[in-house]
Amino acid sequence: MRDDHQEEHEMPILWQAKGIAEARFTSRPEWSTAGESMWMRLSKFSLCNRLTLHELSNLVLLPPKEIPTDGVDLRRADRFDPARLGDLLQISPTDVTTAFCYSTPGLTNASTELRYCRECLQQGFHAAWFQWRFIVRCPLHQRALRLGCPGCTRPIQYSLQGNMAEYPLVCARCGKQWVPDLHLPAGRCTPISGRSARILRRWQAYVAESTTRLSKLSLRQHDPQTGQFVAAQRNRAASIRRTAHLRMSNRLYDTPPPTIPELLARRPRPSTDPLGPKPDLPEPGRHRFSQMNWPHFTQRFLELESTLLQFQDAFFGHTLRNIDMPAWSTLCRQQFAIATDAVSIETVTAVGWHLSWLGFVRTCDRVHRLSTPALGLSGWLAHSPDRPLAIAYAEWTDQLIVWLQEDLTTSAWIWHRLASFMRPHKSYLLHPALARPAELAAWRSSQPYRHSIAAKPPQNLAIKGISLPARLDYFTSIMRQPLD
Ligand SMILES: [Zn+2]
Ligand SMILES: [Zn+2]
């Protein structure tokens, strides 16, 4: 019934007897692996059914069904009819979604040429997330992803176009068969299973989560120089910068590091819990940037930064003062990667936390650390929930301070979890984007807002300092909590 409108619209010879028409096609879902790309799925479908490009596009595209000369982009889902793809290929709606890079593009650095792992391709597997340029290596075969025909290096377009219909999975120039088994008589593909399939699933989810999140975060971006909101940058250099941590994760680890939502789902109780540390008298923060140079960072920001500095003192104290200079300069040189045997897990946790909240300059350049506001904090503030009209400004500041204390603790715990994940490998990766404070705030903004705090009398809100011993006890206890 869902096709009624469409059928009227375009005189569908193929679809007059729909059930029979669909049955005319051979789909081999058992040849495919979950998470396989639409390029691979449609290539196999084309190979089994020998359709013309016109027939193929009539089957899978949304109107208008004309194909431009350079083909229909297979990175994005919005030109294809998802229900019909599901019926034709006999796959679930999830498999249809994961076969594309995105529904509507946010980040722009997925390739328009096929990026593939040679061994995976030979086995008849290709994943949509291989198309992202920040994925540089296949985690199953530890091989660099490649471009161009394995026989003659001619570019393979990542689109639905003439060659896919006429020469599915074969090079139109040199005749190289990309999936040799499929071209044999009674040839078939064996899907990837077991542990390998699980690793592919983890990467698929990690990339999907990260790309969606980065696209969303970029909608509300803070310019680090001016502190103003700026329009999302869509250029390629910005995309590459924003995905550097994904590229490094893909280089260094066979399974992706845990994501913020995964960790938040199983974090220990926040520090404002009755069993957590008790409030103490407020203490002034140690030092801060010069407000003359940063006039748009307001009094509220200074109060929040003061909370941040108190926390830094109480939780990390001298940790970073004891890190040796060679380790430090290695870290600064090597894109936040450092050998796991060079530093202790406590130091790594502290460095990650500092990078997240204070930014690179203020963490690494200890002489001039007074020069910038805590940039991670400005991101956190930008993504925190908006003040409801019914709540006064000062009260809302208190609410923000309570949330900040909670997130400062959560962030330290997240870094400790990340470091535990990385420790068995050769390198720690301390890229601040692995645990952005902005994401903690964005996560809170996505939760239903509770009015409980604002309903309480104001004197209960002024939890501006928490005693050092209580913090350290609490910190030690949450760090010991296992990941699973
Ligand atoms: Zn591979
Ligand atoms: Zn070729």
Side-chain angles (χ1 to χ4, degrees), residues 30-44 46-47 53 70-71 74-75 95 98-101 110-184 187-208 210-211 243 246-257 425:
E30 72 278 13
W31 286 4
S32 287
T33 306
E36 198 161 291
S37 71
M38 198 44 73
W39 179 86
M40 181 56 90
R41 288 184 186 274
L42 284 180
S43 296
K44 287 176 182 170
S46 171
L47 185 73
L53 178 61
D70 54 349
L74 279 167
R75 295 172 303 172
D95 278 336
T98 55
F100 294 99
C101 298
S111 176
T112 53
E113 252 187 72
L114 184 77
R115 292 167 58 86
Y116 64 92
C117 159
R118 197 161 185 163
E119 286 183 43
C120 285
L121 184 66
Q122 273 181 0
Q123 293 169 32
F125 178 76
H126 173 262
W129 52 269
F130 285 180
Q131 290 306 111
W132 292 103
R133 291 195 178 91
F134 54 77
I135 296 293
V136 288
R137 147 194 115 102
C138 169
L140 296 186
H141 303 106
Q142 281 92 39
R143 295 184 72 140
L145 297 186
R146 306 169 40 123
L147 292 172
C149 167
C152 68
T153 71
R154 173 186 155 135
I156 304 171
Q157 274 179 278
Y158 197 72
S159 58
L160 171 58
Q161 34 77 39
N163 284 346
M164 183 181 281
E166 285 173 54
Y167 311 97
L169 299 173
V170 175
C171 177
R173 187 209 262 171
C174 73
K176 169 90 179 170
Q177 296 176 340
W178 297 332
V179 188
D181 282 353
L182 273 187
H183 296 275
L184 298 171
R188 49 166 304 152
C189 265
T190 311
I192 296 170
S193 61
R195 180 167 181 271
S196 302
R198 282 199 297 280
I199 292 176
L200 290 174
R201 264 203 309 279
R202 291 251 325 132
W203 276 105
Q204 192 274 318
Y206 183 68
V207 171
S210 307
T211 51
T243 54
L246 299 171
R247 179 186 298 264
M248 289 297 283
S249 298
N250 175 236
R251 281 216 176 114
L252 296 174
Y253 312 116
D254 289 345
T255 55
H425 299 82

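Just so you know, ligand 1 is whichever comes first in the structure, and atom 1 is the first atom listed for that ligand.
Rounded to the nearest 0.5 angstrom, His126 NE2 and Leu114 CG are separated by 4.5 Å.
Note on His141: its N/O/S atom closest to the Zn ion (ligand 1) is ND1.
Within the 3.5 Å criterion, the main-chain N or O of Cys149 finds no donor-acceptor partner in the side chain of Lys176.
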Determine whether Leu246 and Tyr206 satisfy the following criterion, side chain to side chain contact (heavy atoms under 4.5 Å, CB included), listing intermediate values before the conclusion. CA-CA 9 Å; Leu246 299 171; Tyr206 183 68; 3.7 Å; yes
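Rounded to the nearest 10 degrees, the angle SG (Cys120) to the Zn ion (ligand 1) to SG (Cys117) equals 110°. Here the angle centred on the Zn ion (ligand 2), running from SG of Cys174 over to SG of Cys152, is 110°, rounded to 10°.
Here the closest heavy-atom approach between residue Pro168 and residue His183 is recorded as O-CE1, 3.6 Å.
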